[in-house]
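Accompanying notes for the structure given below.
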Amino acid sequence: MSFDNLNLIYPLQRALTEEGYTTPTPIQELSIPHLLDGRDMIGIAQTGTGKTAAFILPILQNMSASHKTVKPRSPRVLVLAPTRELAAQIGDSFATYGKYTRYKHTVVFGGVGQTPQVRALSKGVDCLVATPGRLLDLIQQGHIRLSSVEYFVLDEADRMLDMGFLNDVNKIVDMLPKKRQSLFFSATMSPEISALARKMLSNPAQVEVTPQATTVERIEQFIFFVDSDNKNELLLHLLRGKHLDCVLVFTRTKHRANKVTEMLNKNNINAGAIHGSKSQTHRTKTLQNFKSGQLRVLVATDIAARGIDIEDISHVINYDLPNIPESYVHRIGRTARAGAEGTAYSFCAADERDFLREIEKLTDMEIEVAEHNYHSEKAKNATGDAAKPAPKQQRGRTGSAGPKRGRGKKGESKGGRSSSSSSNKDSKNKGGRSENANRGQAKSTSKKNSGRNSGRGSGKPKNSQ
Ligand code: AMP
């Protein structure tokens with residue numbers, strides 16, 4: 001399958017060719033025909049699957065079928081995203097894929113002054129990408145009207161709910177015209193998420209890509225049993241390995257992200273942190289510095305990192321294991337983006353032993369244990385009630401960075417999910433990116449959403465991020 005088979009109009013084909021994309025990813029292949037037909041859609045897919053193009057391309061094409069001119073403050077397309085970073089990235093995608101169309105777009109999110117956003121809106125934009133809070137603010141002030149919206153996309157619905165945006169989303173949906181095409185994307189489904197999808201969509205096509213197994217299979221993963229007190233030393237030890245050149249470190253809390261960043265900088269390792277309490281200007285600058293290579297290490301919490309598209313991340317290090325097992329898959333997926341086979345190192349202290357069990361259960365995989373100088377048997381053997389910090393172990397001083405056992409065997413799965421293979425074999429193209437590990441398997445049904453429950457539950461706001 002190539003993009004030629006999808007009957008996209010020339011201005012879109014041209015933009016895709018310039019990007020080097022010749023082969024649609026599974027989500028694109030499955031969604032685009034439904035969307036060009038004007039269907040509502042529910043897409044179960046995470047960032048990294050190519051889902052942004054899967055909705056932007058058909059929307060731009062459908063818009064071009066009518067010759068409407070846009071009115072000030074009245075966008076025809078509304079895309080809601082949970083984080084500023086994701087919103088900015090979607091805005092960039094509108095610029096890329098819509099380069100040869102006449103449509104204008106803008107992005108609005110909080111944490112920055114609203115004047116430039118208001119100015120852009122008053123000139124008239126066809127496509128608006130927004131985070132819920134700032135959108136409601138601007139609507140209240142009369143800078144945006146939703147009465148002309150013909151296409152509505154809710155992206156990362158599960159994260160929206162995790163972040164406590166359900167009320168805001170409901171308010172926004174209630175303001176939309178009844179006649180519209182609606183798209184709903186979520187990496188996971190819970191009863192609460194399907195209820196929201198049912199409210200928003202009418203007779204949706206359902207498209208699902210299941211990236212977990214393929215992502216997990218492609219990434220070399222090691223677990224480092226370590227006492228909490230030794231995590232800093234272990235991190236420094238690993239980072240002394242020169243091949244760890246572009247490293248994303250995850251912590252569970254904002255406070256920890258700050259502490260780890262400070263510690264790294266004190267040790268002459270250029271690091272920056274992004275999390276919910278950092279200003280937008282700071283977050284954008286830090287991301288730019290990381291992308292340009294000025295910062296070798298980016299320390300992030302789950303929410304801040306979600307949806308960020310950074311290529312060339314060589315290693316993901318889980319300084320803390322996530323307490324939601326799906327987050328582990330999202331986190332390590334960051335390192336296998338540009339077709340690369342990434343590496344993920346995870347630290348596990350005694351009080352995180354249960355998180356590891358949950359992760360291994362979800363991925364049907366036993367993560368290879370790294371041998372290293374800070375190894376803690378106590379962490380390794382901890383049971384559920386071992387929440388007390390482990391006593392300090394003797395610190396090693398020598399040895400090369402990285403696990404001593406060398407490269408782990410991929411796909412050492414116990415069966416189940418991770419034994420399924422990618423349906424993405426033929427999606428290589430010269431842009432290289434189409435080998436993205438997250439693309440995964442796909443299936444499409446046209447039935448009404450039945451509310452697949454991933455077991456993640458409805459999620460709680462994680463204010464500490
Ligand atoms: P997304 O899931 O939308 O965040 O996309 C993940 C990455 O895949 C982005 O860097 C896109 O630019 C890239 N991408 C999207 N579609 C394709 C395609 N058909 N071939 C190659 N790369 C793509």
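Counting starts at 1 for both ligands and their atoms, in listed order. Quick caveat, the model's predicted, so the values are computed rather than measured.
- Counted by atom type alone, Thr83 and Arg283 present zero donor-acceptor pairs between their side chains at under 3.5 Å.
- Which parts of ligand 1 touch Tyr97 is read off a 4.0 Å heavy-atom cut-off, strictly below it: atoms 12 (O), 15 (C).
- The proximity of Glu19 to ligand 1, defined as any non-hydrogen pair under 4.0 Å, does not occur for either the backbone or the side chain.
- The residue from Phe3, Phe185, Tyr21 that puts a heavy atom closest to atom 12 (O) of ligand 1 is Tyr21.
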Open item on the list: Apply salt bridge (charged side-chain N to carboxylate O under 4.0 Å, His left out) to residues Lys51 and Asp155 and explain how you reach the verdict.
Closed with: CA-CA 9 Å; Lys51 70 179 162 65; Asp155 203 4; 2.7 Å; yes
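- Counting heavy atoms closer than 4.0 Å to ligand 1, residue Thr96 contributes nothing at all.
- Note: Tyr97 and Tyr21 have tilted aromatic rings, judged against thresholds of 30 and 60 degrees for the angle between ring planes.
- Using the six-membered ring where Trp is involved, Tyr319 and Phe347 have ring planes that are tilted, between 30° and 60° apart.
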TODO: Verify side chain to side chain contact (heavy atoms under 4.5 Å, CB included) between Thr251 and His275, making sure each step is shown before the conclusion.
DONE: CA-CA 10 Å; Thr251 62; His275 55 65; over 6 Å; no
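- Annotation: Lys71, atom NZ; neighbour count of heavy atoms from other residues, nucleotides and ligands within 6.0 Å does not exceed 12.
- At a 3.5 angstrom cut-off on N or O pairs, Gln89 does not count as close to ligand 1.
- Within the listing of ligand 1, atoms 1 (P), 3 (O), 4 (O) sit less than 4.0 angstrom from a heavy atom of Thr52.
- Close contacts of ligand 1 with Thr23, meaning ligand atoms under 4.0 Å from a residue heavy atom, involve 18 (C), 19 (N), 20 (N).
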